[in-house]
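Here is the structure we will look at.
Only heavy atoms go into these numbers, but all of them, side chains included; no hydrogens, no water, no symmetry mates. FYI, the numbering just counts along the sequence from 1.
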Amino acid sequence: MAKVAFRLVMPERELLDTEADMVVVPGSEGDFGVLRGHAPLISTIRPGVLEVIQDNKVERRFIIVGGFAEVTPERCTVLADEALPFEEVTAEQLADRERAAERDLSDAATDAEKAAAQKDLAVAKDLRRAQAYYAGR
């Protein structure tokens with residue numbers, strides 16, 4: 001099977017540069033799989049789990065907070081706001097993140113602070129749901 005070149009990059013570092021059979025990206029309009037020869041596209045990414053597939057098995061998973069994906073027929077590049085290897089993230093860490101977002105929301109004094117805290121809380125809840133779903137797979 002022809003491979004697609006895949007890179008996962010955060011602002012401060014590159015997490016992964018590999019060749020993969022397929023990459024499944026949590027796009028803002030739904031998950032999408034990228035194989036070699038995929039039609040070009042650019043998509044925003046929602047909080048969720050990105051999967052790198054080799055030999056019909058999930059080889060790596062990453063918790064992704066958001067960002068953009070650029071796909072060409074030869075490669076897929078994900079520019080993530082925040083990403084961590086799935087195995088390094090625990091349910092307790094995500095619960096702490098959600099509690100911190102709830103505190104920030106209750107402490108918000110301005111509309112801008114409230115809007116930012118609501119967004120952080122929604123992201124935290126999405127990450128907890130995604131981690132719980134994929135932890136059982």
Side-chain angles (χ1 to χ4, degrees):
M1 170 183 269
K3 305 259 184 187
V4 61
F6 173 66
R7 290 181 64 211
L8 175 57
V9 182
M10 292 189 335
E12 65 274 7
R13 66 185 169 119
E14 182 175 85
L15 281 173
L16 185 65
D17 183 359
T18 190
E19 300 278 321
D21 289 340
M22 183 167 83
V23 179
V24 179
V25 179
S28 57
E29 300 296 321
D31 292 354
F32 60 91
V34 179
L35 300 167
R36 186 165 183 90
H38 194 286
L41 71 86
I42 293 177
S43 174
T44 55
I45 297 172
R46 73 177 194 289
V49 175
L50 180 146
E51 294 182 315
V52 178
I53 297 171
Q54 303 283 11
D55 300 322
N56 293 322
K57 296 179 193 167
V58 176
E59 181 183 79
R60 306 276 313 263
R61 285 188 175 126
F62 295 89
I63 295 274
I64 304 283
V65 171
F68 294 90
E70 178 188 35
V71 177
T72 70
E74 299 83 26
R75 64 179 165 77
C76 173
T77 303
V78 171
L79 307 171
D81 297 336
E82 185 180 338
L84 288 167
F86 186 84
E87 64 275 7
E88 294 180 12
V89 180
T90 67
E92 186 57 36
Q93 289 171 320
L94 295 174
D96 287 345
R97 183 181 184 135
E98 187 174 331
R99 284 189 288 271
E102 288 170 343
R103 278 192 306 273
D104 290 346
L105 181 58
S106 67
D107 295 343
T110 67
D111 288 344
E113 289 174 349
K114 186 174 181 178
Q118 286 173 330
K119 181 181 176 191
D120 290 346
L121 182 57
V123 167
K125 288 181 176 183
D126 287 346
L127 292 177
R128 279 189 74 186
R129 260 192 305 274
Q131 196 273 343
Y133 177 77
Y134 284 95
R137 295 180 84 191

Shortest non-hydrogen contact from Asp21 toward Asn56: OD2-N, 4.2 Å

Answer whether the closest heavy-atom distance between the side chains of Pro47 and Pro26 falls below 4.5 Å. no

Atom pair CD (Glu19) and NZ (Lys3), whose distance is rounded to the nearest 0.5 Å: 8.0 Å

What orientation do Phe86 and Tyr134 show, parallel under 30°, tilted 30 to 60°, or perpendicular over 60°? perpendicular

In the single-linkage hydrophobic clustering (I, L, V, M, F, W, Y; side-chain heavy atoms under 4.5 Å), do Leu8 and Met10 co-cluster? yes

Rounded to the nearest 0.5 Å, the CD1 atom of Ile42 sits from the CD atom of Glu70 at a distance of 5.0 Å

If you round to the nearest 0.5 Å, how far is CG of Asp126 from CD1 of Ile63? 11.0 Å

Within this structure, what is the CZ-CG distance for the pair Arg60 and Leu50, rounded to the nearest 0.5 Å? 10.5 Å

State, with a plain yes or no, whether a side-chain heavy atom of Phe32 is found less than 4.5 Å away from one of Val71. yes

Holding to side chain to side chain donor-acceptor pair (under 3.5 Å), I want the full list of residues that pass it with Glu14, two or more places apart in sequence or in another chain. Arg7

In this structure, are over 12 heavy atoms from other groups packed under 6.0 Å from Glu88 atom CD? yes

Solution key, residues 110-122 side-chain donor-acceptor pairs under 3.5 Å, sequence neighbours excluded:
{"from": "Thr110", "atom 1": "OG1", "to": "Glu113", "atom 2": "N", "distance (Å)": "3.0"}
{"from": "Glu113", "atom 1": "OE1", "to": "Ala109", "atom 2": "N", "distance (Å)": "2.8"}
{"from": "Glu113", "atom 1": "OE1", "to": "Thr110", "atom 2": "N", "distance (Å)": "3.3"}

More than 12 heavy atoms of other residues, nucleotides or ligands under 6.0 Å from CZ of Phe68: yes or no? no

Electrostatic pair Arg46:Asp31 at N-O distance under 4.0 angstrom: yes

Which pair of non-hydrogen atoms, one from Ser43 and one from Gly27, has the smallest distance, and what is that distance? OG-CA, 4.0 Å

Which distance, rounded to the nearest 0.5 Å, do you find between the CG of Asp96 and the OG1 of Thr90? 7.5 Å

Can you tell me how far apart CD (Glu92) and CZ (Arg99) are? Round to the nearest 0.5 Å. 5.0 Å

Spell out, yes or no, whether Ile64 and Met22 are grouped together once hydrophobic residues are joined by side-chain heavy atoms under 4.5 Å, including indirect joins. no

Same cluster or not: Leu79 versus Val25, using hydrophobic residues (I, L, V, M, F, W, Y) connected whenever any side-chain heavy atoms lie under 4.5 Å apart? no

Qualifying residues under side chain to side chain donor-acceptor pair (under 3.5 Å), relative to Glu82, sequence neighbours excluded: Arg97

Val49 reachable from Leu94 in the ILVMFWY side-chain graph, under 4.5 Å edges: yes

Quickly, which of Val52, Val78, Val23 forms a side-chain contact (heavy atoms from CB on, under 4.5 Å) with Leu16? Name it, please. Val52

Using every non-hydrogen atom in the two residues, find where His38 and Leu41 come nearest and quote the distance to one decimal. CE1-CD2, 3.2 Å

So if you build clusters from Ile, Leu, Val, Met, Phe, Trp, Tyr with side-chain heavy-atom gaps below 4.5 Å, do Val4 and Val58 land together? no

Identify the heavy atoms of Ala80 and Pro11 that sit nearest to each other, and give their distance. O-CD, 3.3 Å

